[in-house]
Amino acid sequence: MTPPHIIAFQLIVIPVLGLLFVRSLYRVLRGYHRHASVIAAVIWLAGALTILRPQITIRIAAALGIGRGADLILYIFVIAFLVSVFYFYSRLLHLEASLTQIVRQLALRDAVSPDTREPEHAITSDRHPS
Amino acid sequence: MIPAESSADRIFVVVTAFNESRTIADVAQRLLKHYPNVVVVDDGSSDGTSDCVKPLHAHLLQHRVNRGQGAALQTGIEYALSRGAEVVVTFDGDGQHKETDIAALVRPILRGDCDVALGSRFLGHAPGMPFSRRLLLKAATLFTRVTSRVRVTDVHNGLRAFSRRAAASLHLTMDRMAHASEILDQVRRAGWRYREVPVEICYSAYSLAKGQSSWNALRIGSEILVRKVLH
């Protein structure tokens, strides 16, 4: 097998991904944000592997019946992006509702009714009970 | 049915206002001449709207931050109900509505003929309505007929009246402008008897400048559709 030749892109990106992977691993072992860190670690590892050995994506793509490795990456990203968008929009809606709840409670708690306060210069209405 | 003598006291007029310091005092005073219980909900204004109301004999609620007219209405309605309202009227704070139109909205509810009365400018008068606004509202009417399946002539009129039980059943979650469609939707789903009443809308240069842009309408329409999908 011919030795893989190293390109500049790999030289720059691999160490960065390596560091990110180590950091995620550290978080998983220490218990900080465990779920997110596991996913992150997997992503950094997968990223580093596919950049080091692009043939991996080609093989997986072929197995799935997709033309190129790059196409596989593209499809995965499009799906992941759309899922993220729906997820965050849903979270946003919940947050907005929660915010409104709090603002409403404050408004109701601090409501001022005409009989509990002395108006500085009361405008008397000319209605009479009939 | 509610006896006529006590009716004025039990009618709560909820006025929502966002940066309406120019008009709110006048609106509130005109309302107070006929209705003792006027509830002003200041939706996070930054122009001193609340200060204009404080000297008056009205109820005043303040949202610390702006949440939209739908949210302000819901807050005002909940407050009115907690104070024993038998009829809740919604009214805009920008001076577009006429307080003399309220009686016609409240009458059928007090008589027990319906639970919800909706003001319609197309049944009434709307002098000076820009053509683009008319077109926009017609499109909105069609949209509402399809999505909410409610047949009304004016789908975006802030002048409405609700019986106590109809008001209590409202749970407005769409804070911003889409609340108008949400109200119609909930009224239809709950099966409340509703009718339209002719009212007059006063278009002034001031209120027109604050009105809905067509772009906004597009955004509101898509928001409604997305919400229906997500639920």
Side-chain angles (χ1 to χ4, degrees), chain A residues 33-36 38-40 42-43 66 71-130, chain B residues 3-9 25-26 28-44 50-51 53-68 70-83 171-176 223 226-227 229-231:
Chain A
H33 302 136
R34 188 163 272 164
H35 291 137
V38 165
I39 295 173
V42 168
I43 290 177
I66 299 171
D71 288 347
L72 172 71
I73 305 287
L74 179 66
Y75 297 153
I76 291 175
F77 262 82
V78 166
I79 294 169
F81 176 71
L82 290 174
V83 169
S84 305
V85 165
F86 277 111
Y87 171 72
F88 283 113
Y89 188 64
S90 184
R91 288 292 314 274
L92 179 69
L93 290 181
H94 279 114
L95 269 173
E96 295 261 45
S98 299
L99 183 61
T100 295
Q101 278 299 324
I102 297 175
V103 171
R104 173 166 303 140
Q105 290 309 314
L106 282 174
L108 291 170
R109 185 196 70 179
D110 300 335
V112 183
S113 68
D115 34 74
T116 59
R117 67 160 136 86
E118 286 304 306
E120 291 114 66
H121 28 278
I123 313 285
T124 52
S125 54
D126 51 9
R127 69 186 191 287
H128 288 292
S130 48
Chain B
E5 313 87 62
S6 68
S7 61
D9 276 354
D26 180 58
Q29 279 170 255
R30 284 192 282 116
L31 286 167
L32 284 166
K33 281 210 191 84
H34 305 275
Y35 303 98
N37 283 304
V38 174
V39 179
V40 176
V41 183
D42 173 7
D43 189 22
S50 274
D51 294 330
V53 178
K54 279 176 188 162
L56 306 177
H57 224 247
H59 303 259
L60 176 62
L61 283 78
Q62 287 175 268
H63 278 175
R64 299 281 182 100
V65 290
N66 176 254
R67 299 310 298 156
L73 275 178
Q74 181 68 34
T75 300
I77 290 171
E78 283 183 27
Y79 176 79
L81 291 172
S82 76
R83 305 282 301 198
H171 290 291
L172 303 184
T173 59
M174 302 185 97
D175 296 345
R176 306 225 162 250
E223 183 187 340
V226 171
R227 291 268 190 144
V229 165
L230 280 180
H231 284 120

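- V65(B) pairs in a side chain to side chain contact (heavy atoms under 4.5 Å, CB included) with only one of the listed residues (I102(A), V103(A), L106(A)), which is V103(A).
- Scanning all heavy atoms of the two residues, the minimum distance from S113(A) to H59(B) falls at CB-ND1, 3.5 Å.
- Nearest heavy atom pair, residue Y79(B) against residue L108(A), reads CB-CD2, 3.7 Å.
- Distance check, rounded to the nearest 0.5 Å: CD of Q101(A) to OG1 of T75(B) gives 8.5 Å.
- From R104(A), atom CZ reaches atom CD of E78(B) across 5.0 Å, with rounding to the nearest 0.5 Å.
- Rounding to the nearest 0.5 Å places CG of L99(A) at 10.0 Å from NE2 of H63(B).
- The shortest side-chain heavy-atom distance between Q62(B) and D110(A) does not fall under the 4.5 Å cut-off.
- Of all heavy-atom pairs between L61(B) and A111(A), the closest is CG-CB, 3.7 Å.
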